[in-house]
Every structure is written in structure tokens, then in C-alpha cells.
Amino acid sequence: MVILLGPLLLVFMLGLGLAPLSLAKDEDRYTHFLTQHYDAKPKGRDGRYCESIMKQRGLTRPCKEVNTFIHGTRNDIKAICNDKNGEPYNNFRRSKSPFQITTCKHKGGSNRPPCGYRATAGFRTIAVACENGLPVHFDESFIITSQ
């Protein structure tokens, strides 16, 4: 019996050690999500805004075709990952309430800097992938239509 408990104890201890690594990975993915898609207080929401923030966030080597920035609070965005402000949507979570967003689209031409972008601003519900209660991937936004 003692011999069987040894390997079981080892597996248990390894599991405890790996759990923090998994949570750290989720935090890294959440931080990456924020870098790519979060801007609480945008300064203007035009082409110059897009060109500036895309460069600041390292999204211009090569020029990223399309990127959406969410303007809201981190807590409101995190709330999509639970029932407070989110609901299931395919394999994602869709926000119950709209967010102010800016979508930056590359104007075309070379994918090397300098990158030119067009901005589209609006209010939309959004879909994100969540892991351990944190948004880790922006999927899409939805135009709000009157019902």
C-alpha cells in the first residue's frame, strides 16, 4: 500500500506545482489581449489615432490588417467572461452591453511600415474567448440593430 501511495503523492505534488504555471500563462494571455485590444481613453478615433496606437502597441511589423480597440473599463470587459455582462456565443462569450470601439483597417499597399490605417468608430457588442475568467482573444464585434 505504501508503494502505491508514493507515485500518487508525486502526481499530486506535481499537479500543485503546475497549477500556478497555468494561471501565469492565462495572465500572460490576458496581458497580451489588453495590449492588442484595450485602450480605456482614446485620444481621437481617426486614422491618426489608429496609426499612432498600432505603432505604440507593436502591431506594425508587419502592418496588421485589422485590429479593434475596446474603450471601457477592464472590469467591464472581464465581466463578459461571466454572467454579469456575458452570455455564451458559439465557443466564445458575447457581451450583453455594447462597448465603444475603434476598428483600425490597413489602407493597403505594402505590409511594411509606415502603415496607413482607416478608423471606424462605433458602439458594438463584442465576442471574446475567456480562460479562467479572463478575456484572452477578441473574436468579433456586432453592429447594434434596433429591435
Side-chain angles (χ1 to χ4, degrees), residues 8-147:
L8 189 60
L9 183 60
L10 179 62
V11 169
F12 177 73
M13 295 302 283
L14 284 173
L16 286 178
L18 294 177
L21 293 176
S22 175
L23 293 175
K25 182 180 173 190
D26 291 342
E27 281 289 329
D28 289 345
R29 291 192 69 197
Y30 173 60
T31 300
H32 182 73
F33 170 85
L34 292 175
T35 299
Q36 283 201 323
H37 299 292
Y38 175 69
D39 186 24
K41 298 177 182 169
K43 293 173 179 52
R45 292 171 63 206
D46 56 10
R48 285 194 322 217
Y49 163 79
C50 283
E51 289 163 12
S52 173
I53 194 162
M54 293 290 282
K55 186 175 181 180
Q56 287 172 11
R57 302 293 176 92
L59 303 174
T60 58
R61 293 195 179 270
C63 303
K64 189 171 180 185
E65 276 302 308
V66 178
N67 195 71
T68 300
F69 291 96
I70 307 162
H71 315 300
T73 69
R74 290 179 187 202
N75 286 338
D76 287 344
I77 296 168
K78 277 196 242 181
I80 299 168
C81 294
N82 59 50
D83 292 333
K84 184 175 179 184
N85 189 28
E87 56 194 9
Y89 173 75
N90 296 327
N91 291 328
F92 300 96
R93 300 282 301 175
R94 183 173 170 171
S95 64
K96 293 178 182 176
S97 60
F99 286 87
Q100 185 179 23
I101 63 151
T102 303
T103 300
C104 302
K105 290 186 181 178
H106 186 240
K107 289 180 182 176
S110 173
N111 68 347
R112 294 185 200 169
C115 306
Y117 288 94
R118 286 187 184 88
T120 305
F123 281 89
R124 301 203 173 161
T125 58
I126 61 174
V128 297
C130 299
E131 290 181 6
N132 293 321
L134 298 172
V136 295
H137 173 75
F138 178 85
D139 186 57
E140 63 182 314
S141 63
F142 304 89
I143 297 172
I144 301 165
T145 57
S146 28
Q147 298 177 0

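- Atom CG of Leu134 is separated from atom CG of Asp28 by 11.0 Å, given to the nearest 0.5 angstrom.
- Residues Arg93 and Gly86 come closest through the heavy atom pair NH2-O, 2.9 Å.
- The NE2 atom of His106 sits 5.0 Å away from the SG atom of Cys115 when rounded to the nearest 0.5 Å.
- At a cut-off of 3.5 Å, with distance as the only test, a side-chain donor of Tyr49 or Asp39 sits close to an acceptor on the other residue.
- Atom CD1 of residue Ile53 and atom SG of residue Cys104 lie 7.5 Å apart, to the nearest 0.5 angstrom.
- The aromatic rings of Tyr30 and Phe33 lie parallel to each other, their planes meeting at an angle below 30°, with 60° marking the opposite boundary.
- Proximity of a side-chain donor or acceptor of Glu51 to a complementary backbone N or O of Gly116 within less than 3.5 Å is not detected.
- Within the 3.5 Å criterion, the main-chain N or O of Ile101 finds a donor-acceptor partner in the side chain of Arg45.
- Ser95 OG to Arg124 CZ: the interatomic distance, rounded to the nearest 0.5 Å, is 12.0 Å.
- Minimum interatomic distance between Phe69 and Tyr38 (heavy atoms only, all atoms of both residues): CD2-N, 4.2 Å.
- Tyr117 is listed as a side-chain neighbour of Cys63, based on a closest heavy-atom distance under 4.5 Å.
- When atom types are taken as modelled, the side chain of Arg57 and the backbone of Thr35 share a donor-acceptor pair closer than 3.5 angstrom.
- Pairs engaging residues 67-80 under the side-chain hydrogen bond (donor to acceptor under 3.5 Å, both in side chains) rule: Lys64-Asn67, Thr68-Thr103, His71-Thr102, Thr73-Asp76 [sequence neighbours left out].
- Considering only heavy atoms from C-beta on, Gln56 comes within 4.5 Å of Ser52 through its side chain.
- A donor-acceptor pair under 3.5 Å links the side-chain atoms of Asn85 to the main chain of Lys96, judged by distance alone.
- Within the 4.5 Å cutoff, the side chain of Tyr89 has no heavy atoms near those of the Thr125 side chain.
- Phe92 and Ala127 make their closest contact through CB-CB, 4.4 Å (heavy atoms, listed as atom of the first residue, atom of the second, distance).
- Nearest heavy-atom pair, Ala119 versus Gly47, reported as atom, atom and distance to 0.1 Å: CB-N, 3.9 Å.
- Of the inter-residue distances, the one linking Met54 atom CE with Arg61 atom CZ reads 13.5 Å to the nearest 0.5 angstrom.
- Taking CZ from Arg118 and NZ from Lys107, the interatomic distance works out to 6.0 Å, rounded to the nearest 0.5 Å.
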